[in-house]
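Written below as structure tokens is the structure these notes are about.
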Amino acid sequence: MSVPVPRSFRLLEELDRGEKGFGDGTVSYGMEDPDDIHMRNWTGTIIGPANTVHDQRIYSLKIHCDLNYPEQPPKLWFKSRVNMGCVDQRDGRVDPTKFPMLGNWKREYTLEQLLTEIRRDMTTPLNRKAPQPPEGTMF
């Protein structure tokens with residue numbers, strides 16, 4: 001039986017990975033306020049996938065890891081306007097009922113995996129050709 005990693009250690013591991021960079025650089029994340037001892041507020045960036053309407057667009061996101069993270073999923077909002085089926089057009093929030101990874105959250109999931117999955121969702125038939133707001137507009 002494995003012992004779950006405490007929240008603060010888990011978030012420190014994620015922060016370390018986010019600061020060092022990973023993968024192909026199409027998603028990244030870090031702390032919004034480095035003095036936040038509870039490590040609740042994060043920022044994320046997604047570079048839109050090629051061969052979609054999102055190609056080369058840079059999307060900014062806000063991520064909130066409540067004190068029950070990683071047992072419960074983080075809350076996620078796009079700061080950059082985007083037209084996707086899982087994004088509430090009033091405030092940019094990613095709706096857990098429309099985004100399976102959030103709706104079926106597992107403790108093992110990471111912020112990196114979450115951002116990567118959002119980027120992958122941009123390539124689905126519903127989202128890859130959806131008309132987008134002008135680049136640079138914000139929620």
Side-chain angles (χ1 to χ4, degrees):
M1 183 171 162
S2 66
V3 176
V5 175
R7 177 185 183 279
S8 57
F9 291 162
R10 163 71 178 269
L11 286 171
L12 284 169
E13 287 175 4
E14 293 200 50
L15 178 60
D16 185 55
R17 184 156 168 87
E19 287 178 339
K20 286 182 179 171
F22 51 86
D24 61 6
T26 56
V27 300
S28 62
Y29 60 91
M31 292 288 303
E32 185 176 274
D33 175 5
D35 295 328
D36 176 7
I37 62 169
H38 295 291
M39 302 179 79
R40 291 185 217 191
N41 296 308
W42 297 68
T43 59
T45 303
I46 297 174
I47 297 175
N51 303 314
T52 71
V53 293
H54 308 284
D55 192 3
Q56 298 304 308
R57 285 186 175 217
I58 298 174
Y59 295 100
S60 297
L61 298 94
K62 176 182 176 172
I63 305 164
H64 181 78
C65 297
D66 214 343
L67 294 178
N68 56 9
Y69 178 85
E71 300 302 329
Q72 298 294 313
K75 292 181 176 76
L76 185 68
W77 296 263
F78 273 87
K79 295 192 296 189
S80 307
R81 282 209 170 269
V82 63
N83 184 15
M84 293 176 63
C86 63
V87 177
D88 187 322
Q89 292 303 304
R90 295 169 295 184
D91 62 3
R93 183 158 189 232
V94 178
D95 184 341
T97 65
K98 296 179 180 175
F99 190 69
M101 186 175 198
L102 287 176
N104 302 308
W105 185 258
K106 291 185 169 74
R107 183 183 212 291
E108 297 77 33
Y109 293 161
T110 65
L111 299 178
E112 175 186 343
Q113 290 170 321
L114 179 59
L115 291 173
T116 300
E117 185 64 15
I118 293 261
R119 186 174 188 274
R120 191 204 59 74
D121 196 52
M122 291 176 171
T123 67
T124 63
L126 173 67
N127 295 317
R128 74 178 297 117
K129 293 184 179 182
Q132 295 301 309
E135 190 167 2
T137 56
M138 307 298 268
F139 280 102

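FYI, the numbering just counts along the sequence from 1. These values consider heavy atoms only, across backbone and side chains, with no hydrogens, waters or symmetry-generated copies.
- Listed by first and then second residue, the salt bridge (Lys or Arg N to Asp or Glu O under 4.0 Å) pairs that reach into residues 74-88 are D88-R90, sequence neighbours excluded.
- Nearest heavy atom pair, residue S28 against residue L115, reads O-CD1, 3.4 Å.
- Every residue two or more places apart in sequence or in another chain that forms a side-chain hydrogen bond (donor to acceptor under 3.5 Å, both in side chains) with Y59 is listed here: H54.
- Applying the salt bridge (Lys or Arg N to Asp or Glu O under 4.0 Å) test to pairs two or more places apart or on separate chains, those with a residue in residues 56-74 are E71-R107.
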Please report the C-alpha distance between L61 and W42 in whole Å, then the side-chain angles of each, then the deciding distance to 0.1 Å, and finally whether the side chain to side chain contact (heavy atoms under 4.5 Å, CB included) criterion is met.
-> CA-CA 8 Å; L61 298 94; W42 297 68; over 6 Å; no
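- Applying the side chain to side chain contact (heavy atoms under 4.5 Å, CB included) test to I37 and every residue at least two apart in sequence or in another chain returns nothing.
- Atom CG of N68 has more than 12 heavy atoms from other residues, nucleotides or ligands within 6.0 Å.
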Check step by step if side chain to side chain contact (heavy atoms under 4.5 Å, CB included) holds for Y29 and E112.
-> CA-CA 8 Å; Y29 60 91; E112 175 186 343; 3.8 Å; yes
I would like to know whether E14 and R17 meet side chain to side chain contact (heavy atoms under 4.5 Å, CB included); could you show each step before the answer?
-> CA-CA 5 Å; E14 293 200 50; R17 184 156 168 87; 5.8 Å; no
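- Residue pairs that meet the salt bridge (Lys or Arg N to Asp or Glu O under 4.0 Å) test with at least one member in residues 21-46, sequence neighbours left out, do not exist here.
- Checking I47, V53, I46, T52 one by one against P49, the side chain to side chain contact (heavy atoms under 4.5 Å, CB included) holds for a single residue, T52.
- Judged as a side-chain hydrogen bond (donor to acceptor under 3.5 Å, both in side chains), and not counting sequence neighbours, N104 has no contacts.
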